[in-house]
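Keep in mind that this is a model prediction, so the values were computed, not measured. As the structure lists them, so they are numbered: ligands from 1, and atoms in each ligand from 1.
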Amino acid sequence: MSKPQTIGEMLQEQGVSRRAFLKFTAYLASSMALTPQMAKAMADNLATARRQSVIWLSFQECSGCTESFTRSFSPTLEDLIFNFISLDYNETLMNVSGVAAIEARRKAVEENKGKYILVAEGAIPLDDDGVFSTSAGNTSLAELKELAKDAMAIIAVGSCATFGGIPAALPNPTGAVGIDQIITDKPIINIPGCPPIPEAMTGTIAYILSFGKLPELDHLKRPLIYFGNSIHDRCYRRPFYERGLFAKSFDDEGARKGWCLYEVGCKGPVTYNACATVKWNGGITFPIQSGHGCLGCSEPNFWDKGGFYKPIPAPINTVGKVVAGAAAAGVVAGAVSATIARARKKNAAKNKVKEENQ
Ligand code: SF4
Ligand code: SF4
């Protein structure tokens, strides 16, 4: 049997130029804010890496995460992404069905024991022995446990798989939970979002392939390369926020002038994600740029947090006065956000030192 090809060899065979490949890796590296040296290392390492076996399971969800993953902004990018990985099983995308699909999955597991990445999309219902979500006669709970056993790592994609998401929204009728509430003995990376940014999913896989290790994670297991800053930290409307210029409704003069959306419910100050930098649709725009506040979709329990169009409650300011209006509320929320960011950076630095000393 011939030796499996490297990604570089395969791309060459398919007529993808080195220039196109470098452009793509530079784009991914910049989405992670890697240094130029790391970007170069990423390109070199990816070219010589073998394709990563990925098994993608769908549980209690809407398939929006698969949709997001495959809706890349150009066919070239999409092709390149699929050249990095061998998507050995994905119920939504695969063209075989029934027994043949299950057999393909069994074979992929057997051939890649301990080496495959398990991607989990959707929450797991626990009530009534998990009967609310089944596939091929097995509950999602049983399927997850079986496929997690031989995985190298698990990537939980979307807010349902990470934190329970919409299925777990009150009153949570099926007892839905995120993947890390069930699997506790495997490395887990959470990539929340409803849906998650496609580059955050592909970039994380590319990072693992390039550097042979998982990226640094925050306290919610989210990669810091994509979730290290709040939306508010990088929002282009921030200067308006700093000057206390807020839209009061979606059709007032402030909204037309592009002022800060804090008072119409933007959750950017307490939401960690890369929307303000990586953006959506190939970097064209993101919700705030289109005039809608952030809903906080990459944070736990975002659906139940008290209303998408209600501003974060006005807190007490640092000198002990109750501050009227959103300007003050925003300032304190910003301070909280900055404090959390500082704590996260400190934690990440500590982890790095620990890692280097191991
Ligand atoms: S509150 Fe929202 S719109 Fe205003 S600066 Fe922060 S993230 Fe941007
Ligand atoms: S802007 Fe906020 S609600 Fe919108 S996708 Fe990004 S994190 Fe989710």
* On the 0 to 90° scale, with breaks at 30° and 60°, tag the Phe286-Tyr236 ring pair as parallel, tilted or perpendicular. =>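 Rings of Phe286 and Tyr236: perpendicular, over 60°.
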* Asked: Where do Gly296 and Thr271 come nearest, in terms of heavy atoms and distance?
  ->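 Closest approach of Gly296 to Thr271: CA-OG1, 3.2 Å.
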* Is Gly193 in contact with ligand 2, taking contact as a heavy-atom separation below 4.0 Å? -> no
* What protein N, O or S atoms come within a distance below 2.8 Å of atom 6 (Fe) of ligand 1, ordered by chain and number? -> His232 ND1
* For ligand 2, is any non-hydrogen atom under 4.0 Å from Leu295's backbone (N, CA, C, O), its side chain (CB onward), both, or neither? ->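 Both parts.
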* For ligand 2, indicate whether the residue Cys275 contacts it via side chain, backbone, both or neither (heavy-atom separation under 4.0 Å). =>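 It is the side chain that gets close, since no backbone atom is under 4.0 Å.
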Main chain of [Y], side chain of [X]: is a donor-acceptor contact present, judged purely on distance under 3.5 Å?
X      : Y      : result
Tyr116 : Leu147 : yes
Asp252 : Ala255 : yes
Asn190 : Leu220 : yes

* Looking only at protein heavy atoms, which one is nearest to atom 8 (Fe) of ligand 2, and how far off is it? -> Cys297 SG, 2.2 Å
* Identify, for atom 4 (Fe) of ligand 2, the protein heavy atom at the shortest distance, and state residue, atom and that distance. =>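 Atom 4 (Fe) of ligand 2 sits closest to the protein heavy atom Pro287 CG, 3.4 Å.
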* **Sequence-distant partners of Arg106, salt bridge (charged side-chain N to carboxylate O under 4.0 Å, His left out), two or more places apart** => Glu103, Glu110
Could you tell me, atom by atom, which parts of ligand 2 come under 4.0 Å of a heavy atom of [X]?
X      : answer
Asn273 : 7 (S)
Thr271 : 7 (S)
Gly296 : 2 (Fe), 3 (S)

* Asked: Do any pairs count as a ring-ring contact (aromatic ring centres under 6.0 Å, His included) and have a residue in residues 41-64, sequence neighbours left out, and if so which ones?
  ->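 The answer is Trp56-Phe69.
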* Pairs where residues 163-176 contributes a residue and the test side chain to side chain donor-acceptor pair (under 3.5 Å) is met, not counting sequence neighbours ->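 Only Gln60-Thr174 qualify under side chain to side chain donor-acceptor pair (under 3.5 Å).
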* Residue pair Ser31 / Tyr226, side-chain donor-acceptor N/O under 3.5 Å -> yes
* Are His232 and Tyr262 close enough that their ring centers fall under 6.0 Å? -> no
